[in-house]
There are 2 protein chains.
Amino acid sequence: MTAVVSPSHEEHKRARGRPPKTEDERDDGNRRHQLLTAAARLFRRQGFDATSTRDIAAAVGMHSGSPFYHFKTKDALLCAVMEEGMHAAIARQTKALRGVQADQPLGQIRRLIRAHFETLLGPGNDFVPVMLYEHRSLNPGQRALLAALQADYEAAWTPVLEALHASGHLRAPVKLSRLFILGALNWSVQWFDRKKSASLDELTDAVVALFLKEC
Amino acid sequence: MTAVVSPSHEEHKRARGRPPKTEDERDDGNRRHQLLTAAARLFRRQGFDATSTRDIAAAVGMHSGSPFYHFKTKDALLCAVMEEGMHAAIARQTKALRGVQADQPLGQIRRLIRAHFETLLGPGNDFVPVMLYEHRSLNPGQRALLAALQADYEAAWTPVLEALHASGHLRAPVKLSRLFILGALNWSVQWFDRKKSASLDELTDAVVALFLKEC
DNA sequence: CCTACCGATCGGTAGG
DNA sequence: CCTACCGATCGGTAGG
């Protein structure tokens, strides 16, 4: 319980005589990222509570205690999954908006919607769905962290929706419109089936046709 | 540490031939329903996995093993919560549609939306939100049971949306429209706050303005 | 419905 | 990162 820690405490973490690792396992960053990916997949499939840290360890060929070398607690791992998801989502969104001019809100909203579908439904994109559906398992500090990232993400929608409102393409209040539109998209995680549903482009067309007036 | 325990150990806690029950506890059906209500509330607040059967028992003043007198397993209790929610939702929806004529799809859709908000966000209506967000914890048989009830519920929307499509109030494909509209509504469970958000009537207005064309 | 209990699982840790 | 382990909790049950 004292603050004093043996100085040599963890310094030998690597080196000393480690067995040679395969390419995939060579550096810590890589192992850590494998844990993140496996956790995202399992959390999405089974839920956070129903996934044990042993499941995650086994998925990347570790032993039961080893994930705690990379993440202090199970919910820190969950939080890291969500952060990773939000950073990727924000990057994808920013890139998508780069292709349209700022005075073309119809083109902008289409790209926002399409990028959002990619984030939610693209192959291997489990990180953001986990964030949407396992929010409850975070502690207050983690929740605040993620709320800030989510606010960043959603902030990009507001000026676009305001422009659409001004031009008559959107009739409902902007704030509620954003909540309902994002809700409609987010819910697709529940029913979308890559083998049976429409393509992401077709979903985007349907959403645009559903929400926007022709003028 | 032996298994032998003094026989008089705690038996007198409420003495020999059962103490008189209060009105609320008198019959089994009532106790069972108390369990359902408490479970719905806790499952909604904490999630299914994070709620123990002991939590539920305590919430209605039972001891830890007693819920299993009323429900065979924990997921049977979850399933019963969801069934209760769907039966109430279907009844509410049917009643709502009784007030409009079948040839007035605008009036019908408004009532369907308003009834859905009541089911999701009305005070004490925890049953359907649990169904929406704890689907994963059911076994396959239970899932099929609930899927049938959900199909019943959603079937009422299709002819209304088809009529709106025919009259030009809806431009997107009917099936995708239903999925996106219900998704937009269902997601409100995540952000709606009775103390800060708009009223259910205002939400209904916004949804109608958002999805339907003026013609 | 209560009592007393079991077997299993789980997050997490010390120590190397 | 592995080994060996702990304390706690949990769903569920027998027997009354």
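Predicted model, so just to flag it, every value in this text is computed and none were measured. Each chain gets a letter, A, B and so on, in the order its sequence line appears, and its residues count up from 1.
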Worksheet item: When all nucleic acid strands are considered with a 4.0 Å heavy-atom cut-off, which category describes Ser66(A): base, sugar-phosphate, or nothing?
Response: base
Discussion item. Starting the side chain at C-beta, find the nucleotide from dG12(D), dG11(C), dG12(C) nearest to Thr73(A).
Written reply: dG12(C)
Practice prompt. Classify the side-chain pair Ser52(B)/Asp55(B) by whether it contains a donor and acceptor separated by less than 3.5 Å.
Written response: yes
Fill in: For atom CZ of Arg32(B) and atom P of dC1(C), their distance in whole Å
12 Å
Worksheet item: Whole Å only: how far is the OH atom of Tyr69(B) from the P atom of dC1(C)?
Response: 7 Å
Fill in: Candidate nucleotides dC1(C), dG12(C), dC10(C), ranked by approach to the side chain of Ser52(A) - the nearest
dC10(C)
Worksheet item: OP1 or OP2 of dG11(C) less than 4.0 angstrom from a side-chain nitrogen or oxygen of Thr53(A), does that happen here?
Response: yes
Item to complete: With DNA chain C as reference, determine whether Lys72(A) or Asp55(A) sits nearer its 5' end, using the nearest nucleotide of each.
Response: Asp55(A)
Worksheet item: Taking CG from Leu42(B) and P from dC10(D), how many angstroms apart are they, rounded to a whole number?
Response: 12 Å
Worksheet, complete the sentence: Given the options Arg41(B), Gln46(B), Lys74(B), Arg44(B), Thr51(B) meets side-chain hydrogen bond (donor to acceptor under 3.5 Å, both in side chains) only with Gln46(B)
Discussion item. List the residues meeting ring-ring contact (aromatic ring centres under 6.0 Å, His included) with Phe127(A), not counting sequence neighbours, and say none if there are none.
Written reply: none
Fill in: Nucleotide dT3(D), atom P - distance to CZ of Arg54(A) in whole Å
13 Å
Worksheet item: Can you give the dot-bracket line for DNA chain C, where a pair is Watson-Crick or G-U wobble with both atom distances under 3.5 Å, crossing pairs use [ ], and | marks a partner on another strand?
Response: ||||||||||||||||
Fill in: Pair Arg114(B) + Glu202(B): basic N to acidic O under 4.0 Å
no
Fill in: Carboxylate-amine/guanidinium proximity below 4.0 Å for Arg136(B) and Glu134(A)
yes
Response to the item:
Among the nucleotides dT3(C), dC2(D), dG11(D), whichever has the atom closest to the side chain of Phe68(B) is dG11(D)
Worksheet item: To the nearest angstrom, how far is His70(B) atom NE2 from dG12(D) atom P?
Response: 16 Å
Discussion item. How many whole angstroms separate atom CZ of Arg31(B) from atom C1' of dC2(C)?
Written reply: 12 Å
Discussion item. Tell me the interatomic distance from Leu77(B), atom CG, to dG12(D), atom P, rounded to whole angstroms.
Written reply: 10 Å
Discussion item. Please report the distance, rounded to the nearest Å, between CG in Asp49(B) and P in dT9(D).
Written reply: 17 Å
Fill in: Thr73(B) and Asp75(B) side chains, donor-acceptor separation under 3.5 Å
yes
Side chains of residues 80-96 of chain B: which donor-acceptor partners sit under 3.5 Å, not counting sequence neighbours?
residue  : atom : partner   : partner atom : Å
Glu84(B) : OE2  : His33(B)  : NE2          : 3.0
Arg92(B) : NH1  : Thr119(B) : OG1          : 2.7
Thr94(B) : OG1  : Ile90(B)  : O            : 2.8

Response to the item:
Out of dG11(D), dG12(D), dC2(C), minimum distance to the side chain of Met62(B) belongs to dC2(C)
Discussion item. Taking the minimum atom-to-atom distance to the side chain of Lys74(A), which one of dC10(D), dG12(C), dT13(D) wins?
Written reply: dG12(C)
